[in-house]
Every structure is written in structure tokens, then in C-alpha cells.
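Here is the structure we will look at.
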Amino acid sequence: IGAGAVAATTARAAGDPLITEPQYWAQGLGEGVDATPYGLPIEYESDVVRRNVDWLTADTISSINFTPIHALDGTITPQGCAFERHHSGAIELTKEDYRLMINGLVDTPLVFTYGDLERFPRENHVYFCECAANTGMEWAGAQLNGAQFTHGMIHNMEYTGVPLRTLLEEAGYQTTGKWVYVEGADASGNGRSIPMDKALDDVLVAFKANGEALRMEHGYPVRLVVPGWEGNMWVKWLRRIEVADAPVESREETSKYTDTLANGISRKWTWEMDAKSVVTSPSPQSPITHGPGPLVITGLAWSGRGAIKRVDVSKDGGKTWETARLAKPGERMALSRFYLDTEWDGTEMLLQSRAMDETGYVQPTKAQLREVRGLNSIYHNNCIQTWWVKPDGEAENVEVS
Amino acid sequence: IGAGAVAATTARAAGDPLITEPQYWAQGLGEGVDATPYGLPIEYESDVVRRNVDWLTADTISSINFTPIHALDGTITPQGCAFERHHSGAIELTKEDYRLMINGLVDTPLVFTYGDLERFPRENHVYFCECAANTGMEWAGAQLNGAQFTHGMIHNMEYTGVPLRTLLEEAGYQTTGKWVYVEGADASGNGRSIPMDKALDDVLVAFKANGEALRMEHGYPVRLVVPGWEGNMWVKWLRRIEVADAPVESREETSKYTDTLANGISRKWTWEMDAKSVVTSPSPQSPITHGPGPLVITGLAWSGRGAIKRVDVSKDGGKTWETARLAKPGERMALSRFYLDTEWDGTEMLLQSRAMDETGYVQPTKAQLREVRGLNSIYHNNCIQTWWVKPDGEAENVEVS
Amino acid sequence: LTFVSPLQAGKLGLGRPALPDEVAAWDLDVRPDGTGLPDGSGDVLTGEEIFADNCAVCHGDFAEGVDNWPKLAGGMGTLDRDDPLKTVGSYWPYLSTTWDYVNRSMPFGNAQSLTPDEVYGVVAYILYSNDLVDEDFVLSRDTFTEVHLPNADGFIVDDRKSAEAHFVTDPCMQNCKDKVEITMRARVLDVTPDTGD
Amino acid sequence: LTFVSPLQAGKLGLGRPALPDEVAAWDLDVRPDGTGLPDGSGDVLTGEEIFADNCAVCHGDFAEGVDNWPKLAGGMGTLDRDDPLKTVGSYWPYLSTTWDYVNRSMPFGNAQSLTPDEVYGVVAYILYSNDLVDEDFVLSRDTFTEVHLPNADGFIVDDRKSAEAHFVTDPCMQNCKDKVEITMRARVLDVTPDTGD
Ligand code: HEC
Ligand code: HEC
Ligand SMILES: [Ca+2]
Ligand SMILES: [Ca+2]
Ligand SMILES: [Ca+2]
Ligand SMILES: [Ca+2]
Ligand SMILES: [Ca+2]
Ligand SMILES: [Ca+2]
Ligand SMILES: [Co+2]
Ligand SMILES: [Co+2]
């Protein structure tokens, strides 16, 4: 806490010196317009960064980091702090060296350069991208202490790209083609099989995010956008699309991204991300720093099956619920921001949020999820999260009965 | 042009080596997830930056730079390359040192800390911010050669903030208060008078843009957002709001930001930004790099009076027009992206775009504007812009009869 | 001192009352009728000296401007010509604006370093440089209202809604002109900075 | 060679036809029925050597894993227990996946450096490490279809729509439970990295 904050609360009759005394920033000169051709956040925001958890993976090359959602507001995620997941590291691939092949059950197998892609009609859409393993640590119980770590494998951007359908039509996809297999140019060869219905529906071959080129770590120059479906399918550095009559059953859709139930049987092809929400503030990394009185409780909600319709918030661990305010009507496969403008009495809270999407699906409790899926699913944990907010405003990740 | 691009067009029967030979990025390892806690664009995009024009101002501290709109797509402007305008440089002001005062015709003059602001109910809105001097050089004729320079004093972000109305109500504004005077904490003391109707309507006291904290150069920690109105009113480092019965007639609303007509009389209080559009690609900095055939013409349109309803594009300097496709229905006081998916015959074009907003206002030609306003208005130049695209794909800023 | 919470119906009770000294420190703006002017005074010759020491390096000894830095004097009668020169004398409607701006924002790089007397003097000198007062003029709250700037009546309130009502129209789509010719080229002018591509 | 433009009705004629060698270079995926497997073969003992040289540093001499790096063998019978161990032997439904993944993505840091024969051998060795083949087993396109992995029938297609149909509901708003108790705390576990605030 700076001297100013102390002065503000103990201001003498003479007034707060930050007001009564001229400050250097109100007299001298700041930075010129040539100082930062491409700017970064101010130094005081240096804690609002992606973070990884060392012990989660064997190394940082095949690993993840987390979006600092506890410190963000609104719905757009800046590319600079949007989570990363690589299986072989983030690669540097120039537009000049970029090639995209379409082969398989098509009339003419084609090769596109990057420049070719920019000549097809483009679309713009805001979509969330959530890793299927987001909140995965919570299967075993409350573990990591912060919304960034429990729910930060998500971001939400405005994409510009060409519908996959357009490219498939250009190559002349054949009616025997029931699947497309999509694959990246990095050494992980990350490949996933997508049913043709989805491929022809809303999948984008994207080259811009939030107005500018994709960042290296998000697949520059071209990535796939698969609205509402698990992030692993959003293949980065996209290099090949094969139209096929059956799925490949690649490593990323058998060994990984399959969900083992309590009886040892595993679900496969669990593509859609279930409706989910989390309170981002207050939360362990965003404690209440003021006393009792007005408090804004806020968080994010999303669903891979369509638009968010409603979010409820509980302060007592799920005994009673209040419906929060959505900043805007929910949009399909995009993050919704919710607010509960409330009065805090200074006593402890067990904060929860519960999302409902346009299909009527209601985000389940941990107990409800475990009842169906057991503890070993790893992926698709969309449970209701609980933050225990204490009288001093600090919050902790807990599990409740 | 990389070796790859050449190989692609001259590919031998053996195939493009970028495909037939394994590349290092497809074998080795890329960057890990701890490499960039806060990321920047990839090095190959290093030309997509803000730029200033040295000779425009006496120094870079009281000056402007321009958003690289020629290289962006979609509608969101990343903070890192969103134009800057300062009158005394971009200042570093911590949240701890931040104070906001409301005084004047209010029941209780108040002082807020940054933390106080976060306790009021928040809203989220996407709005464009355009400097009134954007395109100002064009009054005298085609000058700067690039959309970045002619139209780049604009950005479009998702803001999170508290309605100014809420703060005015908190202080108990009095009915004798017909204006609010808003002022920044930097040494320029940039202050503007805003009529109470607007202040109570949609003005925001914002602290986040595109999800994260405002950047230093955009007013960290708090700026005013005045939807649809000239950027100079969007006071940065906002420190004071005075409710008054009359405008201050400050330097920024008398000496500057007034528009001198041909007869020497000047318009004042020209707050709203007129409907406007520009083709961002092709354009001088974004030439056509492919030959004849499919071509995407794209650009931005906006209006300070509401939503964009329609954008027309002409290829022949305004003889004939085609209606472009809007990527989404226009939203009030936000940028719209338009596309014309067309076929280029390889001959020269005189490209223009023409916006229409929900009030029925149609973006005028340069001649139409000059007829009313003369050549000396400096501000509010919303003329139709012409790019002369030549057979080699290069484009130039020109003026046509 | 204890702060009284301003909580009332419909209010959240956030923030704290601003203290009189705090309001005084920040509420510095001066209005056309002189509201906001502090006590004090300054004459042209004292002002000239202060100007020479603090302002002339950018604005010139006679407020005529140096290089690209703003000119504060001259330009009378240029507003309806090509490239009007807009200065305190030729363009500004209210003297309050000069006083307020100099007081709060100048000198550039060391704003708010002048005393009220010094500001009165400097503003008197700017008036003098514009031939608007004699060299024995003393500016104070009292003499302030005697000064009327030449272009005070040179402003109208935004009339775009009426003067540009014809921009609300059903635009032409076909055969809108007979021929189109290029009348001006940016490349010929060649003032664009090189962007390295 | 001249490229024929694929322009047809409704097509833009962009891109160029992919050449056979190009498709061959990138179309490497192998399907459960063996489609995509190249010529070649490899036996367990040769595979063991290649594995020792290229894989064991991370995956262990017996494919049992080193530290946090993936274990490729073992775990049979653990899928319905706490912390199942999922390996090629215990979990993977199709042998094609192993062949394909090793061929395209391993060794980590030097992918696509093995010849088809070497991949056949390494995969044979992984099968052997999982007690799924004898030490004289030779893997080739022919023997490929003889191998059935134990958990081949361990998968069902996503049944959330039916199995979790009860999540579509009208949720409780008041008196939803009698009491609430904290049953687990992250701070007690204390595995969160310090974030410096
Ligand atoms: C330098 C370490 C390293 C070396 C050497 C290495 N691997 Fe791996 N292996 C990994 C990592 C890391 C992964 C997980 C990659 C991921 O998921 O992103 C992996 C994954 C695998 C998997 C999939 C495991 C699963 O459960 O999904 C197989 C099979 C495999 N490796 C086989 C091999 C073979 C065969 C070799 C040698 C030819 C080899 N590896 C060499 C690090 C290594
Ligand atoms: C180091 C250079 C510098 C010095 C010294 C300086 N100024 Fe300025 N002055 C500027 C600049 C730059 C501006 C324009 C600021 C802007 O618009 O952002 C300006 C603007 C002004 C203006 C408004 C001009 C207009 O047309 O709007 C006045 C009046 C003025 N200065 C008076 C003064 C006085 C009086 C002093 C000394 C007490 C002074 N200046 C010292 C650089 C300087
Ligand atoms: Ca610093
Ligand atoms: Ca590099
Ligand atoms: Ca005042
Ligand atoms: Ca030049
Ligand atoms: Ca294939
Ligand atoms: Ca710890
Ligand atoms: Co899944
Ligand atoms: Co204006």
C-alpha cells in the first residue's frame, strides 16, 4: 500500500497531500508518442501475467500456463496474457513458409499459401477457447488456490478468419467424407478428428485475434477455431486438413482427451464444453481489500452449447442463491461477464456461481458431477467452485458439503 | 519474400520443399510456457506498430501517433497499438496515488480512491474513440500516404467502468448543474465541458479496456469514455469532475477543437463524430500482392450518432457503388468492419467507401464537405477517402474530381 | 477529524467528503466571467520579464512563436483566409481561457510553477503582444472584465444538424458522375514518413 | 509442370493442386485398421535398442517412465481404481495410435527422425514392455492387425446428453440445503505457487 492510501484514510483537516500538494506528474512531462510503438501494461500491473505451475508437467515445453482471470474484467482476453498450451513448444513460423494442405476425400487436393487464405471471404466472431483440462485439478478436491489456476485455461477473443466450409468447398469435399482430420505444423503433430457436421457449421480457419495477427503462442500465422469445443481441437499452426470416412483415433483423442468414469470405462468424443462459471473476484488472488459495505462480486460464465442465459450467485455455499446481472445478453460460445452488486456485512462467505445456458443445462455441483463421473475424468470439470471469503477479506479455494 | 514463397510458385514436380522436406519447427522444440508471462506480437509483425509523423508537432510529448489500421482486421484494437494523443506526455500514476474529486453543484463534494470506484456497479461496452483531428491533413488535399496516417487516430475497445451518472448521483448533483467539467491529472490539465444530458446518458468512468487495466498511454488507472464524441473529451488520468451551470470554455474547447469555416466564423461544441469509413486494405501500406482474381476489400466504418447501417464501396472513384457486407450488424458508437468480396480484373481502381448510419446520414465527399466548411476546419474531416490502386497492386492516396 | 459518510437514499456511501483545502487545490478553472480568478495582479513590463525567462524559449520574445511551437500573438484578420493564424489575439474568445491555461498548464514541463501575480503579468504581456492593451496595463480581477478579445463573437454553436442536413440522403449508386479525374496525389507531395516496408 | 486451376462453379480458384509427393510427405496418419502404415518391420529386440538410445532417457528402460515423463507400460487393471495408470498397455484402444504418434511426434525434440523400420521396432518393444507380445514378435503391416489392445472395448461415445440429462433442471434458489460445511481446503494442501502478492 502506497503512502497515499494511508494518507487518504487518515487525511488531516489540511487535506490529502496527494491533492493539496502539486505532484510531479501534474507539473512535468510524461512519455512521448514515440516511446512505445507497441506498448505493454504499465509496470504496476506486472502481477497480471500468465503463470505456470512447475510441478504439473515434466517440463515447460509440453505444458500449460494460465490466464490471470482474477485480475481481468469485461470479456475480451488480451492476447498477451491469454493462456498457452503446447505439446512441443510454441514455434516460429513465417507467413512465407506457411502452407495449408487439404487432402483426402476431395475432388482436388489443394495447397494454400498464407496469401491465398486472405483472398477468401472472411468472418469475425468472438469465441471462448477452454482447455478440456481446465479445473481438472479439482476432481481430486480443492487444490490450487486461485481462480487463475483453477479456471485460467480459458480465453475469449474476436477472431477473423475463413470458414472451414469455404475451404472444403474449394477443394470439393465428397459426400463420403464424414470427418475431417486437422493437424498442426509443430513437432507434436497435434491432430484431431472433427465430424463433418461441425466442420461445415461454424469452424473458422483464423489468422487474426482481437484485430491483430495471432500471437506465436496461439498458432501464428493460422489456427483453427472450433466454437464451444475443447481447446485441444483448436489446432495451432494448422497445416493439414484431411477429409476422411472415419476418425483417425489419434493420440490426442484416445490416450488424452478421453474421460474415465468410475467403472473404468472412458467416454470418448466429449467435444462440447459444458456450461460453467466462476467468481473471479473476490477470489484467493483478488481478496476484498475494503471493509463491509458495497461489494461487487463478478465472474465469467460460458457454455459450449450456446449462449449463457442466467448466472446465480450464492454467498452461503449453495443454501440460497441470487440471480446476478449479465453485462450483456449472452452470446453463443462466448464468455459472459456477470456482476452481483451487493452489500457485504463483513462476515465470512462461501461464494459460488452457477451458470445456465440456453439449452436449460445448469452447472452442477462437485458432488453431482462426481456421482456421474467419479474422480478420474481429468477433463471437463465444470463443477460449481467455492471460495471461502473470510472476515479479513482473504479468500481460499475450498470444497463444501 | 521468403525463399518459401518463391518455391511455392515455381514448385517442381517433386513438390514444394517446405512440404516434402521436414522442417525444423516440425521436429524440434519451440518456446515453453514460461517464456513470455506477458507476450508481444511475433517478430515478423514488427511493422504493425503505432507510428508518429515527426514534422506534425514541435515535439513528441505533445503529439500524436497512429493506429496501424491498414494491418488490422476485425473490430477490436489491441491496446498495444492503439493510437496515443497526449498534451503533456503519458504519465505514470499508481492506483494508490490516484484520487478522483467531484465538486461544484453537488450536495456533497467527494473524493474517491481507485478502490472506491471498483465498489460501484460496473458496465461493459465496446466504443470507438476517434481524435477530432483524424483525417485533418486531408482538408488541404491528399497528403499522407497510408490509412494509418490518414485515418489511424481511432481505436475501438471493450471498456469496463462505472457510469458517470452513478458517481454524480453519489455526490448528489443539483438541478442547477447543466454541465460537468472533467479534467485530467497530467500537467496539460486537459479539461472539457460536457453537457449534463450526455454526462447522465452513456459516459463511463473506465478502468479496464479489452479486459485488462488501461495502459499508461490511455490514462491508467482511470479515463473517461464519452461514446461517439471526440477523443479529446475522453479525459485520461481523470482527476476531477465539477458540476457547473455553464461551460468553462477551456483552452481545449476554444483555441482547439473548434472548427473555422470559410467565412472565419468557427463552430464550437462540435462534439459528435460524423459517420465515416475508410478502406483499410487494399491501401497504400497494404497493396495487393496477388494478381487478378478474388480480392477482399475491407475497411472500417463508424458513427458518433449511433450504429452503422450500411457501407457502399466504389472502385471507380464514385461513379458506381456496391453495398459491402457488414461483418456484424452495426453497434452504437462502435467500429463496424465491412468486406466486399470481389474479383479484381487487374486494372486500376479508384477505391472509395461511404458509410451510412442509423440516422440516415451519408458520409460526404471531400467536395461536399468543403462546400459547407471550407478548408480550415482542421477537425471533423469525415470525407470519403480515395485510394488509387494501380495494376501492380500498389495504392496511393489521391483526390479525385 | 472524522469523515461523515454521505450515505443517503439511492447512494452507496462510497468516497469521502472533499475538504475545502482539497477543493481549493484542484478547483482552479477560470470561467469567462472571471469566476475562479484569485487575488493578485501583474503589469505588462513585469510580465515581459517573466515571459522572457519562462516562455520565450518556445513562444518567442514577442509571443510570435519559435519553430513549430505555438504562436501566441498575431494573425489578426487571417481567419477567413488560407491558413489562418489562430492566437490569443486573433482567435481566442475569452481572456479567462488564457489566464486559466497559463496558470494550470504552462510553462510546458513545469506547469503550475507561477504565482497568481506572475500569471496576471504574463497574461498582460500576451495581451500587449497582441496590441490589445497599452504597456502600462495592469491585469487583476478588476481590470479583467474590461478586456474583450476581438474574436469573442467569432463562434457559433455546432450547426451541423441544419447546415449539413443534406448529408441525410438516399445516396446515388449508379452513373453518379460522368468522369473521374485524379486531382491531387500524396506521392507527388511526398511528406509521408518511410515505414520500412 | 503447369498447375491446373481448380476453378469450378462456386469456387474461387485459389490455391493449387497438391502434388502426390507433397500429400505423401504430410499425409502420415495411421488409422485403427492400419490404413496409412508404410512398408517395413521391426522386432522387439532391435526395438529395445532403439528405445534405449532414443526414448529411455524420458520413458525409462522398460517404458516405465522417468520422473514426471509419461509412463508407456504398466497400469493394467487400474482404470476403475484411484489414480488409474493409463499407458499404451492399460488404456490405449488402438495400436495404430502408438505407431502414428511415435512416428510423427517422438522422440520429443527430434520428431520424425526414425525410419519406418525403427518405428515398427520401437512399437514392438512397447508392446513387449506391456507383456502384450513375446520377445520374438516382429511388427509389420501384416502382424499389425493381429494385435488387439486390452482396453479396446473400454470406450463409449460421449453420453452426457443422456447420462447427465438431469443437469437440465430448474435450479433451487432458497433453502437448498440445511447446512454447509467446509470439507477440504487448498491452503492446507499448500501446493499453489507463490504469485508474489
Ligand atoms: C526428451 C524426452 C522424451 C523423449 C526422448 C521421448 N519422449 Fe515420448 N514423450 C515425451 C513427452 C513430454 C510426452 C508427452 C507429450 C505431450 O503430451 O505433449 C511423450 C509422449 C509419448 C507417448 C504418448 C504417451 C501418452 O500416454 O500419451 C509415447 C507413446 C511416447 N512418448 C513414445 C516415445 C518413444 C517411442 C520415444 C523414442 C523414440 C520417445 N517417446 C522419446 C518425452 C519424451
Ligand atoms: C518548452 C516549451 C514551452 C514553454 C517553455 C512554454 N510553452 Fe506554452 N506551449 C508549449 C506547447 C508544446 C504548447 C501546446 C501544448 C498542447 O497543445 O498540447 C503550448 C501552448 C501554450 C498556449 C496555448 C496556445 C494555443 O494556441 O492553444 C499558451 C497560451 C501558452 N503556451 C503560454 C505559455 C506561457 C505563458 C509560458 C510561460 C509561462 C509558456 N507557454 C511556456 C510549449 C511551451
Ligand atoms: Ca517507470
Ligand atoms: Ca526468434
Ligand atoms: Ca470551478
Ligand atoms: Ca518519403
Ligand atoms: Ca490420412
Ligand atoms: Ca505455497
Ligand atoms: Co473432451
Ligand atoms: Co469537435
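Below, all heavy atoms of this structure are taken into account, side chains as well, without hydrogens, waters or symmetry copies. In the text below, chain A, chain B and the rest are named by the order of the sequence lines, each starting its count at 1.
- Considering all non-hydrogen atoms of both residues, A:Arg122 and B:Asp341 come closest at N-OD1, 4.4 Å.
- By the 4.5 Å heavy-atom criterion applied to side chains, B:Thr289 and A:Glu118 are not counted as neighbours.
- For chain B, the nearby parts of A:Glu84 are the backbone and the side chain; heavy atoms of each come within less than 4.5 Å.
- For chain B, the nearby part of A:Thr160 is the side chain; its heavy atoms alone come within less than 4.5 Å.
- For chain A, the option among B:Leu93, B:Val48, B:Thr77 with the highest count of heavy-atom pairs below 4.5 Å is B:Leu93.
- Note that CD1 of A:Ile76 is 5.5 Å distant from CD of B:Glu158, once rounded to the nearest 0.5 Å.
- The structure places CD1 of B:Ile19 at 11.5 Å from CZ of A:Arg240, a figure rounded to the nearest 0.5 Å.
- For the residue pair A:Phe120 and B:Val296, the shortest heavy atom distance occurs at O-CG2, 3.5 Å.
- Residues B:Pro78 and A:Tyr38 meet the side-chain proximity criterion, which asks for heavy atoms closer than 4.5 Å.
- Among B:Asp186, B:Leu40, B:Leu214, the residue making the largest number of heavy-atom pairs under 4.5 Å with chain A is B:Leu40.
- Here the CG atom belonging to B:Asn210 is positioned 6.5 Å from the CG atom belonging to A:Asn210, to the nearest 0.5 angstrom.
- Your options are A:Gln79, A:Glu123, A:Glu212, A:Gln27, and the one with the most heavy-atom pairs under 4.5 Å with chain B is A:Glu212.
- Per-residue heavy-atom pair counts under 4.5 Å with chain A were compared for B:Gly184, B:Ala327, B:Pro121, and the maximum is reached by B:Pro121.
- Applying the side-chain hydrogen bond (donor to acceptor under 3.5 Å, both in side chains) criterion to A:Arg119, with sequence neighbours excluded, gives B:His290.
- Among B:Arg325, B:Arg239, B:His125, the residue with the largest count of heavy-atom pairs under 4.5 Å with chain A is B:Arg325.
- Residue pairs meeting the ring-ring contact (aromatic ring centres under 6.0 Å, His included) criterion with at least one member in residues 71-95 of chain A, sequence neighbours excluded: A:Phe83-A:His155.
- When each of A:Gly32, A:Ala26, A:Ser88 is checked for heavy-atom pairs under 4.5 Å with chain B, A:Ala26 comes out on top.
- Taking all atoms of both residues into account, the shortest heavy-atom contact from B:Ile61 to A:Gly30 is CD1-O, 3.3 Å.
- One finds the OH atom of A:Tyr24 at 6.5 Å from the CD atom of B:Glu92 (value rounded to the nearest 0.5 Å).
- Between the CG atom in A:Asp16 and the CZ atom in B:Arg99 there is a gap of 4.5 Å [rounded to 0.5 Å].
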Stepwise side chain to side chain contact (heavy atoms under 4.5 Å, CB included) check, B:Val126 with A:Lys328: CA-CA 11 Å; B:Val126 176; A:Lys328 294 185 198 168; 4.0 Å; yes
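- Interface residue A:Tyr339: only side-chain heavy atoms are found under 4.5 Å from chain B.
- For A:Ala185, the parts sitting under 4.5 Å from any heavy atom of chain B are the backbone and the side chain alike.
- In terms of heavy-atom pairs under 4.5 Å with chain B, the best-connected choice from A:Thr94, A:Asp59, A:Asp54, A:Leu295 is A:Thr94.
- With a threshold of 4.5 angstrom between heavy atoms, A:Met157 does not approach chain B through any atom at all.
- A salt bridge does not link A:Glu45 to B:Arg215: none of the charged side-chain nitrogens sits closer than 4.0 Å to a carboxylate oxygen.
- Between chain A and the options B:Gln23, B:Met216, B:Arg85, the largest number of non-hydrogen pairs under 4.5 Å is found for B:Met216.
- Counting only distance, with no hydrogens or angles, the side chain of B:Glu31 and the backbone of A:Glu217 share no donor-acceptor pair below 3.5 Å.
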Derivation of the side chain to side chain contact (heavy atoms under 4.5 Å, CB included) call for B:Tyr44 and A:Glu96: CA-CA 10 Å; B:Tyr44 315 127; A:Glu96 289 79 12; over 6 Å; no
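- Contact record, B:Asn52 with A:Asp34: OD1-CB, 3.9 Å, taken as the closest heavy-atom pair.
- Across B:Gly39 and A:Arg50, no two heavy atoms sit closer than the pair N-NH2, 3.5 Å.
- To the nearest 0.5 Å, the span separating OG1 on A:Thr298 from CG on B:Asn124 amounts to 7.5 Å.
- Residues B:Ala187 and A:Gly28 share a closest heavy-atom pair of CB-O, 3.3 Å.
- In terms of non-hydrogen atom pairs under 4.5 Å with chain B, the most contact-rich of A:Ile91, A:Asp73, A:Leu340 is A:Asp73.
- When the candidates A:Thr60, A:Val49, A:Thr57, A:Thr36 are compared by the number of heavy-atom contacts under 4.5 Å with chain B, A:Thr60 comes out ahead.
- Among A:Pro294, A:Ala82, A:Ser188, A:Ser62, the residue making the largest number of heavy-atom pairs under 4.5 Å with chain B is A:Pro294.
- Per-residue heavy-atom pair counts under 4.5 Å with chain A were compared for B:Gly74, B:Ser63, B:Gly80, and the maximum is reached by B:Gly80.
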